[in-house]
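Working notes, beginning with the structure itself.
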Amino acid sequence: MSRWQQLKNIYHFGQAQAWRWWYGRPDRGLHLYGITGTNGKTTTSYILASILAAAYGRKHVGLLTTVAFWVGEDEIINATKMTTLPSRLIFFYLWRMRRAGVSHVVMEITSHALDQHRLAGVLLAGGIVLNISREHLDYHRTMTAYAAAKERLLNYLADGAPLVGKEDDPYVSRILTAARESSRQVIPFTAVQAHAVATPLPGEVNRENALAATLLAQACRVPAAAIAAGIAAVKNVPGRMEWLALKNGVQVLIDYAVTPGALTALYRDVRATTKGKIYAVLGAAGQRDRGKRPAMAAAVATYADEIVLTREDPWRENEEQIFSDLERGLQTTDKSWRRIVDRTAALRYCLQRAQAGDVIVATGKGAERGMGIGSKVIPWHEKTVIGQLAEELGQ
């Protein structure tokens with residue numbers, strides 16, 4: 001991280017404190033739960049919020065995620081393209097929630113937000129650290145700095161608040177050790193333990209997400225019946241392993257995976273259950289960690305039969321650079337691949353080629369409502385575009 005960013009973070013700290021007081025310290029009296037990790041934050045947040053809704057009623061639950069915000073029974077689409085909002089909006093929504101009678105709030109907390117003190121002054125009633133793998137090194141520079149930012153979640157835990165973490169993740173394990181050394185209540189889990197978890201959501205990673213939410217809910221004395229009901233109620237999360245079944249027998253899977261680890265886990269699960277071909281629609285965001293791009297493409301090539309590289313959110317980065325970085329990860333593969341810059345055209349190409357029993361996997365956009373091109377965000381919703389193309393093609 002640059003020295004300039006460090007100076008900016010001092011400003012962010014003061015800004016967060018100011019907005020917290022402006023809105024009358026709305027976090028007071030709320031039970032706040034923070035979820036961090038490289039992958040799985042949104043799904044785990046939805047599961048935990050569903051558990052809390054089963055226990056206390058949906059009108060008493062708030063949610064702040066990449067996909068949407070809950071203010072009790074009102075749901076607002078998150079169109080900001082941000083996971084953890086700026087401090088002004090965080091405290092604004094907490095103020096709205098408190099006025100609406102919300103008592104329990106689940107929020108995704110990113111490494112950027114922790115580094116920039118966007119939640120300064122807040123105390124969490126519980127926290128979860130899911131996993132830590134390469135991401136955001138354009139900002140943090142090193143994995144050590146990235147993990148250190150995640151560890152700052154400990155600073156927000158109230159006295160006695162439980163911390164749930166994946167102990168077989170080496171970076172998370174170090175955070176749990178630090179938490180124990182500071183006399184925190186630590187509740188570890190492992191991938192092996194997650195195998196036995198039942199959830200309507202597909203994939204091994206969602207068993208881990210459900211287990212993490214369960215362990216935190218148990219530590220916060222949520223009744224077992226509410227935990228079971230809450231998990232059972234989450235049958236899908238928008239843009240997260242979201243399946244679309246087309247009339248011609250082709251299935252499309254929409255997911256937000258944007259790291260090598262997330263892509264590996266996703267495609268491994270798809271390959272295990274797919275007898276037909278897998279068509280991959282893959283891109284990478286511009287002005288982000290370039291170093292992960294070859295590994296992203298290589299991860300997909302391990303499982304997919306054909307790969308289409310396409311636009312995701314180039315922002316102001318030269319798209320030739322983005323595609324060249326991805327293509328470096330495909331230099332040794334014998335899988336078929338091509339570049340189709342226009343994302344609509346890339347999706348159409350896969351839909352035209354796929355046959356009954358095949359799966360098209362589209363990653364990177366999830367449930368987002370926009371695509372960053374240059375300095376603008378143009379409307380984009382993956383599920384809607386796929387639906388329109390399928391209708392156009394009679395599928």
**Request:** Could you walk me through whether S111 and K150 pass side-chain hydrogen bond (donor to acceptor under 3.5 Å, both in side chains), step by step?
**Result:** CA-CA 5 Å; S111 59; K150 294 289 191 185; 4.7 Å; no
For atom [atom1] of [X], is the number of surrounding heavy atoms from other residues, nucleotides or ligands below 6.0 Å larger than 12?
| X | atom1 | answer |
| --- | --- | --- |
| R28 | CZ | yes |
| Q355 | CD | no |
| K277 | NZ | no |
| W243 | CH2 | yes |
| E391 | CD | no |

**Cation-pi check, R25 onto W21 ring (under 6.0 Å, within 45° of axis)** =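 Ring-cation test returns yes.
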Cationic N near anionic O, under 4.0 Å, [X] to [Y]:
| X | Y | answer |
| --- | --- | --- |
| E151 | R174 | no |
| R288 | E135 | no |
| K335 | D305 | no |

**Request:** With the side chain counted from C-beta on, respond yes when Q193 and L211 share a heavy-atom pair under 4.5 Å apart, and no when they do not.
**Result:**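 Yes, at least one pair of side-chain atoms sits under 4.5 Å.
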**Chi angles and distances behind the salt bridge (charged side-chain N to carboxylate O under 4.0 Å, His left out) call for K81, E368** = CA-CA 7 Å; K81 291 184 69 65; E368 288 188 336; 3.0 Å; yes
**Message:** Checking side-chain polar atoms at under 3.5 Å, does T214 have a donor or acceptor matched by the opposite partner on Q218?
**Reply:**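 No pair is found: no donor N or O on one side chain lies under 3.5 Å from an acceptor on the other.
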**Message:** So if I apply the side-chain hydrogen bond (donor to acceptor under 3.5 Å, both in side chains) rule between R240 and each of D255, T42, N209, which one comes out positive?
**Reply:**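 Of D255, T42, N209, side-chain hydrogen bond (donor to acceptor under 3.5 Å, both in side chains) with R240 is met by T42 alone.
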**Message:** Test of understanding: with ring-ring contact (aromatic ring centres under 6.0 Å, His included), list the residues that count as partners of F91, not counting sequence neighbours.
**Reply:**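 Result, ring-ring contact (aromatic ring centres under 6.0 Å, His included) vs F91: none returned.
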**Prompt:** Members other than F13 in its cluster, when Ile, Leu, Val, Met, Phe, Trp, Tyr link by side-chain heavy atoms under 4.5 Å?
**Reply:**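 Members besides F13: none; it forms no cluster.
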**Request:** Just say parallel, tilted or perpendicular for the rings of H136 and Y146, cut-offs at 30° and 60°.
**Result:**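 Because their plane-to-plane angle is over 60°, the rings of H136 and Y146 count as perpendicular.
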**Asked** Going by the angle between their ring planes, with limits at 30° and 60°, are H31 and Y33 parallel, tilted or perpendicular?
**Response**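 Parallel: the ring planes of H31 and Y33 meet at under 30°.
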